[in-house]
Peer 1: 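Below you will find the structure I want to go over with you.
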Amino acid sequence: MNNSNKLAVFFDLDDTLYNHLVPFRNAVREVLGLDDSVLNIADLFHRVRHHSDLLWPQYLQGKLELEETRLLRMELAFAEFGLDLDRDKAAQVQAAYIDRQYKIQMIDGVLQQLHRFISGGHIVGIITNGPEDHQMKKICALGVDKLIPKNRIFISDAVGIAKPDPEIFAYVNKKTGTTADQCLYIGDTWANDVVGAMDAGWKVCWYNPRDRQPLTAHKPSYTFTNYAEFGELPIL
């Protein structure tokens with residue numbers, strides 16, 4: 001295949017191929033007995049991810065252990081909502097949350113879009129932040145490993161570079177024989193996905209189902225709120 005003649009389409013994993021909020025909401029309900037009648041779980045989860053993104057570079061640099069990173073993000077996020085989550089409860093929430101991430105389903109319409117690009121002969125892959133084993137288990141739980149070859153799945157811990165560093169996108173270009181101007185990235189997180197990919201010279205489709213606001217002056221090629229809408233975008 002002459003890669004220069006093909007569109008290369010790479011997807012984020014968490015909250016792009018599956019709804020990351022579902023396992024978190026169920027874990028919080030099970031361990032703490034909290035639901036949306038008490039506080040906005042979606043907003044709480046947004047802050048957990050925010051603190052995770054801030055702490056992740058320290059983990060990659062060896063300054064924090066993985067488990068400490070995971071628990072600290074929980075404690076910091078819950079504290080913002082006036083909830084004192086001790087270390088034991090944080091660990092229980094984390095364990096329940098992890099367990100549920102291996103029992104996930106694709107967001108409606110995702111599978112059709114994966115088949116659309118693959119059947120069209122386009123290069124399709126995944127770029128995701130996180131521990132290699134953990135992210136691969138989720139990819140396998142979704143069945144994506146049967147659609148996308150492992151050499152097109154790029155996980156930050158395995159690569160040694162994490163989004164939003166543009167170098168991870170440059171690394172993907174090098175490994176897949178693609179160029180930035182032929183690459184499209186689909187992701188939900190503004191800082192990691194939109195900013196990171198655009199700073200690497202890639203086109204970006206921002207998946208924004210929760211109506212988040214842009215945080216910088218970057219302008220993605222398209223913004224969409226569901227995959228039916230994505231299927232109508234003139235990207236091919």
Side-chain angles (χ1 to χ4, degrees), residues 10-18 20-21 23-24 27 42-81 85 87 90-91 93-95 97-98 101 125-139 150 152-176 180 183 185-208 210 212-218 220:
F10 289 86
F11 290 81
D12 172 45
L13 173 62
D14 300 315
D15 251 354
T16 298
L17 296 188
Y18 78 97
H20 210 173
L21 174 60
F24 179 77
D43 285 348
L44 172 61
F45 181 59
H46 180 65
R47 298 307 295 172
V48 170
R49 292 194 66 187
H50 169 76
H51 286 294
S52 183
D53 289 343
L54 292 181
L55 293 168
W56 208 253
Q58 296 182 58
Y59 160 68
L60 289 177
Q61 295 162 14
K63 296 177 181 178
L64 286 174
E65 296 294 329
L66 178 59
E67 191 63 17
E68 177 66 17
T69 304
R70 287 170 163 172
L71 298 184
L72 190 54
R73 67 181 180 177
M74 293 285 183
E75 293 166 346
L76 291 170
F78 275 81
E80 290 185 14
F81 289 77
L85 194 68
R87 183 51 57 103
V93 172
Q94 176 63 31
Y97 173 45
I98 288 287
Q101 287 183 65
I126 293 174
I127 305 171
T128 178
N129 280 359
E132 182 177 15
D133 182 63
H134 178 50
Q135 296 303 87
M136 277 305 304
K137 284 181 179 177
K138 289 186 281 187
I139 287 167
K150 192 168 183 179
R152 292 182 185 165
I153 296 173
F154 298 90
I155 300 172
S156 64
D157 276 22
V159 173
I161 314 167
K163 300 179 295 182
D165 189 336
E167 286 302 313
I168 193 169
F169 297 95
Y171 177 89
V172 170
N173 285 145
K174 180 179 178 181
K175 289 296 184 179
T176 58
C183 287
Y185 191 60
I186 296 109
D188 70 292
T189 304
W190 185 266
N192 280 355
D193 300 332
V194 175
V195 174
M198 289 191 69
D199 283 355
W202 289 32
K203 301 179 185 69
V204 175
C205 283
W206 183 29
Y207 177 45
N208 186 22
R210 299 189 180 107
R212 301 293 185 193
Q213 296 303 304
L215 301 176
T216 62
H218 293 73

Peer 1: Quick one, L76 with H50, criterion side-chain contact (heavy atoms from CB on, under 4.5 Å). Give me CA distance, side-chain angles, the key distance, then yes/no.
Peer 2: CA-CA 10 Å; L76 291 170; H50 169 76; over 6 Å; no
Peer 1: Ignoring hydrogens and geometry, is there a side-chain-to-backbone donor-acceptor pair from T128 to I155 under 3.5 Å?
Peer 2: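 Side chain of T128 to backbone of I155, a donor-acceptor pair under 3.5 Å: no, none is there.
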Peer 1: Starting at CD of E67, measure out to CG of L72 and round the result to the nearest 0.5 Å.
Peer 2: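 Interatomic distance, E67 CD to L72 CG, rounded to 0.5 Å: 11.5 Å.
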Peer 1: Is a donor from one side chain sitting under 3.5 angstrom from an acceptor on the other, for Y59 and D157?
Peer 2: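 Yes - a donor-acceptor pair under 3.5 Å links their side chains.
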Peer 1: Any sub-3.5 Å donor-acceptor pair from D199's side-chain atoms to P166's backbone N or O?
Peer 2: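 Side chain of D199 to backbone of P166, a donor-acceptor pair under 3.5 Å: no, none is there.
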Peer 1: Take R87 and E68 through the salt bridge (charged side-chain N to carboxylate O under 4.0 Å, His left out) test and state the conclusion after the steps.
Peer 2: CA-CA 10 Å; R87 183 51 57 103; E68 177 66 17; 2.8 Å; yes
Peer 1: Partners of K175 by side chain to side chain donor-acceptor pair (under 3.5 Å), sequence neighbours excluded?
Peer 2: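 In terms of side chain to side chain donor-acceptor pair (under 3.5 Å), with neighbours along the sequence ignored, K175 is linked to no residue.
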Peer 1: Restricting to salt bridge (Lys or Arg N to Asp or Glu O under 4.0 Å), what partner residues turn up for D188, sequence neighbours left out?
Peer 2: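 For D188, the residues satisfying salt bridge (Lys or Arg N to Asp or Glu O under 4.0 Å) (neighbours in sequence not counted) are R49.
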Peer 1: Considering the options F78, F24, F81, which one meets the ring pair (Phe, Tyr, Trp, His ring centres under 6.0 Å) requirement together with F45?
Peer 2: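 Answer after filtering F78, F24, F81: F24.
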Peer 1: In chain order, what residues pass the side chain to side chain donor-acceptor pair (under 3.5 Å) check against Y97, with sequence neighbours excluded?
Peer 2: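 So Y97 forms a side chain to side chain donor-acceptor pair (under 3.5 Å) with H20.
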Peer 1: Say you draw a straight line from CG of N173 to CZ of F10; how long is it, rounded to the nearest 0.5 Å?
Peer 2: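 The CZ atom of F10 is 7.5 Å from CG of N173, to the nearest 0.5 Å.
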Peer 1: Got a sec, which residues hit side-chain contact (heavy atoms from CB on, under 4.5 Å) with L215, two or more places apart in sequence or on another chain?
Peer 2: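 L215 satisfies side-chain contact (heavy atoms from CB on, under 4.5 Å) with W190 once adjacent residues are dropped.
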Peer 1: Kindly compute the distance separating CG (L66) from CG (L55), expressed to the nearest 0.5 Å.
Peer 2: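 Output value for this atom pair is 11.5 Å.
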Peer 1: Does any non-hydrogen side-chain atom of H51 lie less than 4.5 Å from one of E75?
Peer 2: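 SC-SC contact between E75 and H51 ruled out.
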Peer 1: How about H134 and K138: do any of their side-chain heavy atoms sit closer than 4.5 Å?
Peer 2: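 Contact flag for H134/K138 side chains = yes.
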Peer 1: Can you check salt bridge (charged side-chain N to carboxylate O under 4.0 Å, His left out) on K137 and D133, steps first, answer last?
Peer 2: CA-CA 6 Å; K137 284 181 179 177; D133 182 63; 3.4 Å; yes
Peer 1: So, taking the atom named CH2 in W206 and the one named OG1 in T16, what distance separates them when rounded to the nearest 0.5 Å?
Peer 2: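 Result: 11.5 Å between the selected atoms.
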Peer 1: Do other residues, nucleotides or ligands put more than 12 heavy atoms under 6.0 Å from E65 CD?
Peer 2: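 Open: at most 12 neighbouring heavy atoms sit under 6.0 Å from CD of E65.
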Peer 1: Within a strict 4.5 Å, meaning less than it, do heavy atoms of the D14 and Q135 side chains meet?
Peer 2: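 Answer yes - side chains close enough.
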Peer 1: Using salt bridge (Lys or Arg N to Asp or Glu O under 4.0 Å) as the criterion, list what pairs up with D53, not counting sequence neighbours.
Peer 2: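 Expected list: none.
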Peer 1: Run the side chain to side chain donor-acceptor pair (under 3.5 Å) test against W56 and tell me which residues pass, sequence neighbours left out.
Peer 2: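 Applying side chain to side chain donor-acceptor pair (under 3.5 Å) to W56 gives none.
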Peer 1: How long is the straight-line distance from CG of L17 back to CD1 of I139, given to the nearest 0.5 Å?
Peer 2: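 So the CD1 of I139 and the CG of L17 are separated by 8.0 Å.
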Peer 1: Enter the distance from L13:CG to I126:CD1 here, rounded to the nearest 0.5 Å.
Peer 2: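 The CD1 atom of I126 is 6.0 Å from CG of L13, to the nearest 0.5 Å.
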Peer 1: Are the side chain of Y185 and the backbone N or O of F169 linked by a donor-acceptor pair below 3.5 Å?
Peer 2: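 No: the side chain of Y185 does not pair with the backbone of F169.
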Peer 1: Relative to each other, are the rings of Y171 and F154 parallel, tilted or perpendicular (30° and 60° limits)?
Peer 2: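 If you compare the ring of Y171 with that of F154, the planes turn out perpendicular.
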